Amino acid sequence: MAKQSSGLLGSLGFVKSPGAPVPHRKHTSACETVEMPVPASVTIVMSQHIGAPCTPCVKAKDQVFVGTLVGESTAFMSAPIHSSVSGTVKKIDTVLMPNGTKAQAIVIDTDGEQTVDPAIQPPVVNSKEEFIEAVKQSGLVGLGGAGFPAHIKLNPKDKIEYLCINAAECEPYITADVREIMENHENVLYGISQVMKYVGIDKALIGIEDNKPEAIKLMQEKTAQMSNVEVVTLPSRYPQGAEKVLIEQCTGRQVPPGKLPSDVGCIVMNVASVGFLGGYLKNGIPLTTKRVTVDGSAITEAKNVRVPIGAPIKDIIAFCGGYKGTPAKLISGGPMMGTALMTDDFPVLKQNNAFLAFDEAEAKSLEPTACISCGRCVNACPMNLMPTKLEAATIYKRVDDLKKYSVMTCMECGCCAFVCPANRKLVQSMRIGKSILRNAGK
């Protein structure tokens, strides 16, 4: 039960209910995943994770196969990268990323055969050390969006009590995770069991929003005889899938600002990540494909599509019938936290889970007006921040206030902007405020 808030919000009659009632629009939840044709070429970017980018370990004219190692790094915070196709390396290039940075990339002309590298075989795992090394060699990073190398997450210093599986999928439109459950539940559960076994975790909690009853029912049936695995039904209120929100909803524990889930005895894994891991431990094929949702008012035929990593986004859109008219906005990810793309020439990355295209009517951005001090943004913030104070601190570059009101705690979920009746650009203010604070220390 929500508690009556104190202070200004309480006096106004507000009830503290963090998050925002965003529309679900899960149009493709019942759409089985289809596989797109192999594109003529793929561009495998060497920066697809948090941490150090990889260095190409192939050169022009080299023959590669599905699963061939093409990028590696000796840095601690990194993950190897593999070819998603069979074919011939055309060139090593420098490409522009959606965030405006540049990265090395390997362009591969495909042969259409999708021949798996003959050297691939299931990893031999009999100890925690072998398990962590297998996870590293798989190239797995967080598939929910952040891209954190999985072998680092699964090797914490502290004792872990809960493995929290993030199947909330709270962003509108995206249904890639619910299809992971419906189509790959055996590998999901196998992956969970192996993580628990080798990391030494006693309990797994699978968090699913209540707007996915078919997924909840299936997982409850499949885990009925597993006493150490529980399906947790979550309210359908954005952002249930945020790591810290999920942990609190599933375990009642709060991750303090500046701390990690492992500090409160938890590890969070996206359901697609643990599903991939379950399959990799059986077949040894590294991370080379992604399931992505393609939807939006400017898409001819919405689908869930299995695509090779590095495939051009424009080829995926074409596979979905192309655009209906000229799209006004193209987004990688969901409409709340996704990244607006300048072009559909970008290649697919490991952490991509959706591509949404919208027409002029839905993409129109309302002009901001003056803040009316209603407090809705404060009431909605899942991190208990004060967005209006932070916006003012950003505008006037008040570094002390940015620290005081904890701008770095903001996870940029967009709840504040969504509920704001004045259409204030609050998320942009948070991002600029973080940049001001970082630069202040230089």
Side-chain angles (χ1 to χ4, degrees), residues 5 7-9 12 14 16-23 50 97-101 144-147 170-172 237-245 255-259 328-342 351 356 358 362-442:
S5 62
L8 172 64
L9 293 178
L12 292 175
F14 281 91
K16 180 65 176 175
S17 182
V22 302
I50 291 174
M97 300 285 283
N99 63 3
T101 62
C170 56
E171 279 264 17
R237 188 174 180 85
Y238 178 86
Q240 291 291 349
E243 191 171 64
K244 293 183 178 180
V245 176
V255 182
K259 298 294 183 179
K329 180 164 284 188
L330 177 64
I331 297 175
S332 170
M336 295 297 289
M337 292 187 72
T339 301
L341 302 177
M342 300 176 292
Q351 57 268 51
L356 309 177
F358 298 101
E362 290 202 358
K364 185 177 180 179
S365 179
L366 299 176
E367 289 299 315
T369 58
C371 172
I372 62 174
S373 301
C374 65
R376 286 178 173 85
C377 60
V378 180
N379 196 47
C381 180
M383 306 310 293
N384 296 311
L385 301 178
M386 301 181 72
T388 51
K389 294 285 189 182
L390 287 167
E391 182 187 38
T394 296
I395 292 171
Y396 296 105
K397 295 183 171 63
R398 295 170 181 161
V399 174
D400 289 343
D401 281 355
L402 289 170
K403 292 179 181 177
K404 178 181 178 180
Y405 295 112
S406 303
V407 69
M408 301 307 292
T409 301
C410 173
M411 60 184 181
E412 303 174 20
C413 65
C415 289
C416 54
F418 182 85
V419 301
C420 179
N423 305 309
R424 304 295 299 174
K425 307 301 182 184
L426 296 170
V427 178
Q428 287 90 330
S429 291
M430 301 304 117
R431 291 172 178 164
I432 295 170
K434 289 180 180 181
S435 179
I436 291 171
L437 188 55
R438 290 189 193 100
N439 291 330
K442 293 181 180 180

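Side-chain atoms are counted along with the backbone in the values below, which use heavy atoms only and exclude waters and symmetry mates. Along the sequence shown, residues carry numbers from 1. Not measured: the values here are computed from a predicted model.
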Main-chain N/O of [Y] paired with [X] side-chain donor or acceptor, under 3.5 Å:
X    : Y    : value
R237 : P18  : yes
R424 : T369 : yes
S429 : K425 : yes
E412 : R431 : no
N379 : G375 : no

Supply the atom-to-atom distance [X] [atom1] to [Y] [atom2], rounded to the nearest 0.5 angstrom.
X    : Y    : atom1 : atom2 : answer
E243 : M411 : CD    : CE    : 10.5 Å
K259 : K244 : NZ    : NZ    : 10.5 Å
K329 : E362 : NZ    : CD    : 12.0 Å
M386 : C416 : CE    : SG    : 13.0 Å
I432 : L437 : CD1   : CG    : 14.0 Å
K403 : R398 : NZ    : CZ    : 15.5 Å

Practice task
List the steps and the verdict of side-chain contact (heavy atoms from CB on, under 4.5 Å) for C415 and V419.
Solution key: CA-CA 6 Å; C415 289; V419 301; 5.6 Å; no

Nearest heavy-atom neighbours spanning [X] and [Y]:
X    : Y    : result
L426 : C377 : CD1-CB, 4.1 Å
V427 : G414 : CG2-CA, 3.5 Å
P421 : I372 : CG-CD1, 3.9 Å

Practice task
Quickly, which of L402, I395, D401 forms a side-chain contact (heavy atoms from CB on, under 4.5 Å) with L390? Name it, please.
Solution key: L402

Completion exercise
The single option from C413, C170, P172 that satisfies side-chain contact (heavy atoms from CB on, under 4.5 Å) with M336 is P172

Exercise for the section: With side-chain contact (heavy atoms from CB on, under 4.5 Å) as the test, would you mind laying out the steps for T409 and L385 before giving the verdict? Expected result: CA-CA 8 Å; T409 301; L385 301 178; 4.1 Å; yes

Problem - Contact check, side chains of P257 and S406, non-hydrogen atoms, under 4.5 Å - result: no

Handout entry: NZ/K434: more than 12 non-hydrogen atoms of other groups inside 6.0 Å
Key = yes

